[in-house]
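Lettering of chains follows the sequences in order, A, B, ..., and the numbering in each one begins at 1.
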Amino acid sequence: MQGALRGREAAFRRARCRLRGGAASRARARLLHAHRLRGAGRGARGPERHRRRRSVRRALRDAGRPADAWARLCAGLRAHAARAESRWRGARGRRGRGRVRRGRRRERARRRLRAGYGASGRGRGCRARPPRAESQGAAQARRQARRPRRRHRRPRRAGLGRSDGARHAHEGRTTGRARGRACARRGAHRLGRQLMFDARYSIRTHVAGALRAADAGVEVTLAGWVHRRRDHGGLIFVDLRDRSGLVQCVFDPEDSKAAFVVAESVRPEWVVKLSGVVRKRPPGTENPGLATGEVEVLVTEAEVLNRSETPPFEVESAIATDETLRLKYRYIDMRRPEVLDALALRDRITQRFRKSLEHRGFIEVETPMLGRSTPEGARDFIVPSRLNPGKFYALPQSPQLYKQLLMVGGLERYYQIARCFRDEDLRADRQPEFTQVDIEMSFVTQDDLLAMMEEVMREVLREASVDLPIPLPRLTYAEAMDRFGSDRPDLRFGMELVDLSDVFAGTEFKVFASALASGGVVKAICAKGAGDWSRGRIDALAPVAAEAGAKGLAWIAFSSEGEVRSPIAKFLREEEMAAVRERLAVEPGDLVLFAADARMTANEVLGALRTHLAGELDLAKEGFACLWVVDFPLFKWDTEEDKWSANHHPFTRPFDEHLDLIESDPASVLSYSYDLVINGIEVGGGTLRIHDADLQRRVLKVLGIAEDEAREQFGFLLDALTYGAPPHGGIALGLDRLVMLLAHKHSIRDVIAFPKTSSGACPLTGAPGPVSARQLREVHLRPE
RNA sequence: GGGGUGUUAGCUCAGUUGGUUAGAGCGCUGGCCUGUCAAGCCAGAGGUCGCGGGUUCGAGUCCCGUACAUCCCGCCA
């Protein structure tokens, strides 16, 4: 309960922050206004309506602002913020309680909160003053972002922090003031370590975002988009925006009447070329919120290069816009620093992978997009062959088979930034096409490969100013499941699973006793700070547990006042309670949750609860907890098809010491396999491969793939393995997911230039679309 | 394939128990305005309440269907 209150408090403060402070007073007045005016013009039309509203406005102005109106407004905001907050925390468990309405509105509000805007509206206050009640982690991240960096070593990654959005919009995507100043002297601007973005090879002499006080007196020509125009009648300010940032341009009719006339006509997003002189702004008019805030350009020549329709949303406020609309007009959306930064970060990460791998002797090889469909794994996207009636290509789910063939071919070290396709249902972190950093090596042990990858990852993450300590921790699959109930545990918080089977060995509590009697376990987790939750909130955890396979959910709540609530406590002996307290290090205010079931089920139930509670309790979400999960079982039992299936893929190499068990005890065969996990998200995975044709046949046989079937589907690989295949192994990293994590995004759509919606459609191009009957005929398909 | 949530002006959203001609902020258009920086002030335009049925004297509001979006399960490494 305390956690919930704290969350609401914080949300409310975030919402309210925009209503505070000098710069916010007008926003506050305006909101108040809106609130009071509601209905003032109701029933009237046209001039009459406006007359009525005018009179209300006047009355308001005269009467001041009644306190109760302000209170009502605050109450409304608080409710709104609380709803947004509860939605944000994934309050799915409380579904149906009260009349809390959730949905798109709160989804948007949540996005705004994250972006540092107010709970509604566009948070004028936040521009001048960042949200006060931000999470500790966010504050820390911000401090780090502000910490001066070593010059010329590392670009500042503005816009990656959660609360950077608003501030960043004005700073432009400069990469550190120190560098900016240095580069400005030669009219250059650097975006990222290796990428020089400046005015060379263009119709301009400088880029907008790089101008500094040192440039005063320099004649410049700029080109870009009109970000905003402030027309004072006798003086016009235009913020000119290009990829590098913003600079204020001044049009004074006394300096150039012609330019002034142009400025009068321009509108947001028009494309212009401006020439003029850089000068220091008059004292008192500097804008410290802008990287170029010390200077302005006095424009003497202005040319409109292109006009623009009124954009469907404002470039600056797109964060608060429906994502489908943003995707439809992605070319406008990506003018925002937030999108641009994500793409630029992605580029840096990609380049760093290339460089790091190249330095280690890897050769980048392109593999075919038009391949052959195989029944294993995900559903293929298929492409009909015009030249081969009735036959189809398949787009690659991954270059898996090709890269093994490259190893047989003696490439020894291969990599590829490879596009992969899977025709499966989509998620926030799944797109029908996505990018893998695909790697394969010959003559390596698992340790060789992991060590190499750790070094590469360290270099890559450094590109995002993340210091990755290596070697990374390694957990076996068994240990990960046992301690965290997940094969991709989030190690940013504890809440480990504790086995209490021995404690309850002789218990009289039937549920526990029967679970133990049938060979199961009793395990528990301790949720710090949930001990004061209401009965209803605790009960809302039951569906979470049930979804993971639990038959019920036993719990004991220890309130802050030392009170014990529990539906099961009365069945437990005193010494059992004492043992629970001791083993789980229970303190007042904790909630202990039990799972009594088969070991795997109990693990999964508590794992699901652990993840869910971490969200509810808002446990530490900062930093990058990176680890290897290794030694996965080779097979898993497919209950639907009633057969063994490959845990990873059919080419995974079993432990040498388990080769004898393949046929006799498939379940206990472990494999040389590894997943790279960051913050509870699987970022990559790989295995050592089978390089022996006989062994490969044995594994395929266990998988129920008959000899002739195997020939038909993988014959080429089986053949290849007979011609001197070296021992080899590799890994594939989900580039989209990795960049998503490093950019602090919540969907890979945010780090893809032109992503698809959850139904696989592209709102921008309209893909997938129909094709003509003739096209169908040509590929030998009949329309339905 | 299943479940949750949503769809009201260009954008973000209100819209009370079903009740007269559906509102706000921003944006847009026009006017005024020489130091703004989300400029300000004044005026104005802008709506098939996603779509199709139904209940009702009366539906933005209730019911059914459907499309789309989004999150989750299944699926997918």
Side-chain angles (χ1 to χ4, degrees), chain A residues 23 26-27 30-31 33-47 49-50 53-54 76 80 87 90 92 95-96 101-109 112 117 120-124 127-128 166 169-170 227-239 246 248 250-254 267-268 281-282 284-287 289-290 293 296 309-314 316-318 320-325 327 377-379 397-398 400 420 422-428 430 436 487-488 547 632 640 646-649 673 675 682 684-686 732 734 746-747 757-759 761 763:
Chain A
R26 273 172 297 182
R30 183 176 291 171
L31 261 172
H33 224 91
H35 191 76
R36 297 277 307 183
L37 278 174
R38 177 169 300 156
R42 185 165 287 173
R45 274 253 155 143
R49 188 167 67 186
H50 285 277
R53 281 191 200 148
R54 261 204 310 279
H80 182 76
R87 172 75 174 173
R92 289 182 294 280
R95 188 174 297 158
R101 296 167 61 191
R102 290 169 292 267
R104 185 174 167 194
R105 212 162 57 236
R106 272 155 296 283
E107 182 72 18
R108 284 172 185 152
R112 281 197 296 272
Y117 286 90
S120 71
R122 304 223 306 283
R124 183 187 289 216
R127 179 66 50 81
H170 260 199
H227 186 67
R228 191 160 274 127
R229 187 181 66 128
R230 293 177 293 279
D231 187 345
H232 288 242
L235 187 72
I236 298 174
F237 299 98
V238 167
D239 290 336
L246 290 180
Q248 171 167 286
V250 188
F251 295 79
D252 191 330
E254 285 177 22
R267 292 292 180 271
R281 292 195 186 189
T285 65
E286 300 89 350
N287 184 349
L290 201 61
E296 61 191 9
E309 294 293 319
T310 301
F313 50 85
E314 296 153 70
E316 199 169 339
S317 68
T321 303
D322 179 66
E323 195 181 350
T324 317
L325 194 77
L327 293 185
R379 201 173 289 123
Q397 297 175 25
S398 78
Q400 181 60 39
C420 306
R422 287 175 194 163
D423 189 6
E424 296 291 346
D425 287 1
L426 274 32
R427 287 276 200 288
R430 295 205 312 239
Q436 281 187 348
D487 60 357
R488 46 182 173 86
E547 212 162 68
F632 287 80
E640 256 179 48
N647 205 343
H648 199 98
H649 57 56
S673 51
D675 278 359
E682 184 199 326
H746 296 84
S747 163
T757 68
S758 67
S759 65

Between [N] and [M], how far is it from one [atom1] atom to the other, in whole Å?
N: U20(B); M: G15(B); atom1: C1'; value: 16 Å
N: C51(B); M: A59(B); atom1: C1'; value: 16 Å
N: C68(B); M: G54(B); atom1: C1'; value: 23 Å
N: U7(B); M: U66(B); atom1: C1'; value: 13 Å
N: G10(B); M: G46(B); atom1: P; value: 11 Å
N: C41(B); M: U36(B); atom1: P; value: 14 Å
N: C26(B); M: G44(B); atom1: P; value: 15 Å
N: U29(B); M: C64(B); atom1: P; value: 44 Å

Proximity to the side chain of Glu547(A) - top-ranked nucleotide from C11(B), C26(B), C73(B):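 Closest nucleotide to the Glu547(A) side chain: C73(B).
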Give the nucleotide from the list G10(B), U36(B), U29(B) with an atom nearest to the side chain of Gln248(A).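 Side chain of Gln248(A) sits closest to U36(B).
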Distance check needed: [N] [atom2] versus [X] [atom1], whole Å only.
X: Arg230(A); N: A39(B); atom1: CZ; atom2: P; value: 5 Å
X: Asp423(A); N: G1(B); atom1: CG; atom2: P; value: 12 Å
X: Asp239(A); N: C37(B); atom1: CG; atom2: P; value: 11 Å
X: Phe251(A); N: U36(B); atom1: CZ; atom2: P; value: 18 Å
X: Asp231(A); N: U34(B); atom1: CG; atom2: C1'; value: 10 Å
X: Glu323(A); N: C11(B); atom1: CD; atom2: P; value: 16 Å
X: Glu314(A); N: C11(B); atom1: CD; atom2: P; value: 12 Å
X: Arg228(A); N: C26(B); atom1: CZ; atom2: P; value: 13 Å

Report which part of the nucleic acid [X] touches: base, sugar-phosphate, or nothing (heavy-atom distance under 4.0 Å, all strands).
X: Ile236(A); value: nothing
X: Pro282(A); value: base
X: Thr285(A); value: base
X: Ala732(A); value: nothing
X: Gln400(A); value: nothing
X: Pro268(A); value: sugar-phosphate
X: Ser758(A); value: base

Kindly give the atom pairs (protein nitrogen or oxygen, nucleotide nitrogen or oxygen) under 3.5 Å for nucleotides 75-77 of chain B.
from	atom 1	to	atom 2	distance (Å)
C75(B)	O2'	Glu424(A)	OE1	2.6
C75(B)	O2	Arg430(A)	NH2	3.3
C75(B)	N3	Arg430(A)	NH1	3.4
C75(B)	N3	Arg430(A)	NH2	2.8
C75(B)	N4	Arg427(A)	NH2	3.3
C75(B)	N4	Arg430(A)	NH1	3.3
C76(B)	O3'	Ala378(A)	N	3.4
C76(B)	O2	Arg430(A)	NH1	2.7
C76(B)	N3	Arg430(A)	NH1	3.3
A77(B)	OP1	Ala378(A)	N	2.9
A77(B)	N6	Asn647(A)	OD1	3.4
A77(B)	N1	Asn647(A)	O	2.7

For Arg488(A), check side-chain contact (heavy atoms from CB on, under 4.5 Å) against everything at least two apart and list the hits.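 Per chain and number, Arg488(A) pairs via side-chain contact (heavy atoms from CB on, under 4.5 Å) with Ser486(A), Val677(A), Glu682(A).
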Residue list, side-chain contact (heavy atoms from CB on, under 4.5 Å) with Asp425(A), at least two apart or on another chain: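 Not a single residue meets the side-chain contact (heavy atoms from CB on, under 4.5 Å) criterion with Asp425(A).
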Heavy-atom closest pair, residues Pro268(A) and Pro311(A):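 Distance-wise, the nearest heavy atoms are O-CD, 4.5 Å.
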Do you know the tightest heavy-atom contact between Thr757(A) and Leu327(A)?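 The answer is CG2-CD1, 4.4 Å.
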Arg230(A) side chain near Gln248(A) side chain, heavy-atom distance below 4.5 Å: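 A side-chain contact exists here, since the closest heavy-atom pair is under 4.5 Å.
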Would you give the length of the straight line joining atom CG of Asn287(A) to atom CZ of Arg281(A), rounded to the nearest 0.5 angstrom?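 Result: 5.5 Å between the selected atoms.
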Identify whether a stacking contact exists between Phe237(A) and U36(B), where the ring centres must be under 5.5 Å apart and the planes under 30° apart.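 Stacked: ring centres under 5.5 Å, planes under 30°.
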Asp675(A)/Phe632(A) under side chain to side chain contact (heavy atoms under 4.5 Å, CB included): CA gap, chis, key distance, verdict: CA-CA 9 Å; Asp675(A) 278 359; Phe632(A) 287 80; 3.4 Å; yes
Electrostatic pair Glu424(A)-Arg379(A), nearest N-O below 4.0 angstrom: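 Yes, this pair counts.
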Report yes if at least one side-chain N or O of [X] is closer than 4.0 Å to OP1 or OP2 of [N]; otherwise report no.
X: Thr757(A); N: C68(B); answer: no
X: Thr310(A); N: G27(B); answer: no
X: Arg229(A); N: A39(B); answer: no

Could you please name the partner base of [N], counting Watson-Crick and G-U wobble pairs only when both distances are under 3.5 Å?
N: A22(B); answer: none
N: U5(B); answer: A69(B)
N: C75(B); answer: none
N: C33(B); answer: none

Stepwise, does the side chain to side chain contact (heavy atoms under 4.5 Å, CB included) test hold for Phe237(A) with His232(A)? CA-CA 8 Å; Phe237(A) 299 98; His232(A) 288 242; 3.9 Å; yes
Could you tell me whether the side chain of Arg281(A) has a donor or acceptor atom within less than 3.5 Å of a complementary atom in the base of U36(B)?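 Yes.
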Glu286(A) (side chain) and G35(B) (base): donor-acceptor pair under 3.5 Å: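 For Glu286(A), whose side chain was compared with the base of G35(B), there is no donor-acceptor pair (under 3.5 Å).
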Verify side chain to side chain contact (heavy atoms under 4.5 Å, CB included) between Thr321(A) and Glu314(A), making sure each step is shown before the conclusion. CA-CA 9 Å; Thr321(A) 303; Glu314(A) 296 153 70; over 6 Å; no
5' priority, RNA chain B, between Ser759(A) and Leu426(A) [closest heavy atom]: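 Comparing both residues, the 5'-ward one is Ser759(A).
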5' precedence on RNA chain B between Arg267(A) and Asp252(A) (nearest-nucleotide basis):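 Its nucleotide being nearer the 5' end, the pick is Arg267(A).
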